[in-house]
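Down below is the structure, laid out as structure tokens.
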Amino acid sequence: MDRFALEGGLREACARVVAGQRALLEQRVQIRELEQCGHNAAVARALLQIYEQSQATNILVRNRLYREFKIVAVDEREQFDDSIDYQLAA
């Protein structure tokens with residue numbers, strides 16, 4: 001995968017992590033409100049568990065893309081440095 005595709009994927013993965021954090025927070029607020037009103041929050045808790053699993057996956061994907069992006073960036077930097085060395089030698 002090229003650097004620009006990785007960068008776009010990484011940006012999207014970061015956005016999913018941020019959206020996931022927001023969803024987790026909102027769901028926890030929902031649970032608290034339900035419980036404070038004396039309602040059964042079992043379904044809301046089950047949904048929270050799904051959100052937490054999804055968020056864990058989002059974070060794993062984001063971290064993998066970040067590692068791949070760093071590797072590609074280092075490779076490109078090394079190739080750029082090598083081309084400068086060749087130009088200076090000429």
Side-chain angles (χ1 to χ4, degrees):
M1 192 179 280
D2 73 344
R3 181 177 160 268
F4 294 108
L6 275 172
E7 189 174 1
L10 180 57
R11 221 183 342 266
E12 291 170 7
C14 288
R16 281 192 299 275
V17 169
V18 169
Q21 286 299 106
R22 205 171 302 127
L24 286 169
L25 179 62
E26 290 172 5
Q27 192 62 22
R28 288 184 180 117
V29 168
Q30 280 278 21
I31 291 168
R32 185 177 49 222
E33 289 175 358
L34 285 168
E35 289 175 342
Q36 286 175 346
C37 293
H39 298 294
N40 184 347
V43 174
R45 286 191 178 284
L47 185 57
L48 175 63
Q49 196 170 25
I50 292 168
Y51 285 171
E52 288 171 339
Q53 291 169 349
S54 178
Q55 183 68 347
T57 301
N58 290 339
I59 290 169
L60 286 172
V61 169
R62 181 205 55 196
N63 292 350
R64 180 185 54 79
L65 287 170
Y66 179 69
R67 284 190 302 273
E68 287 180 33
F69 180 75
K70 281 185 2 181
I71 290 169
V72 169
V74 167
D75 287 346
E76 285 182 357
R77 190 175 307 121
E78 288 173 357
Q79 290 173 0
F80 180 74
D81 290 345
D82 288 345
S83 68
I84 289 176
D85 290 341
Y86 291 132
Q87 289 173 2
L88 292 174

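Heavy-atom basis, side chains included; hydrogens, waters and symmetry copies ignored. Residue numbers run from 1 in the order of the sequence given.
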Margin query: Tell me the closest heavy-atom pair linking L34 and A44, and the distance in Å.
Written below: CD1-CB, 3.8 Å
Next item on the list: Could you pull out the closest heavy-atom pair between L10 and Y66, with the gap in Å?
Entry: CD1-N, 3.8 Å
Next item on the list: Determine which pairs satisfy salt bridge (Lys or Arg N to Asp or Glu O under 4.0 Å) with at least one residue from residues 47-58, sequence neighbours left out, and list them in order.
Entry: R28-E52
Check: Does anything in residues 33-47 pair up under side-chain hydrogen bond (donor to acceptor under 3.5 Å, both in side chains), and if so which pairs, sequence neighbours excluded?
Finding: E35-R45
Check: How would you list all residue pairs meeting side-chain hydrogen bond (donor to acceptor under 3.5 Å, both in side chains) that involve residues 12-24, not counting sequence neighbours?
Finding: Q21-Q55
Whichever hydrophobic residues join [X] through chains of side-chain contacts under 4.5 Å:
X   : result
L60 : none
L47 : L24, I31, L48, Y51
V17 : I59
L25 : none

Notebook entry, point to check: In Å, rounded to the nearest 0.5 Å, how long is the span from CD1 of I50 to CD of Q27?
Noted result: 9.5 Å
Checklist line | Qualifying residues under side chain to side chain donor-acceptor pair (under 3.5 Å), relative to R64, sequence neighbours excluded | finding: E68
Notebook entry, point to check: With E26, which residues qualify under side chain to side chain donor-acceptor pair (under 3.5 Å), at least two apart?
Noted result: none
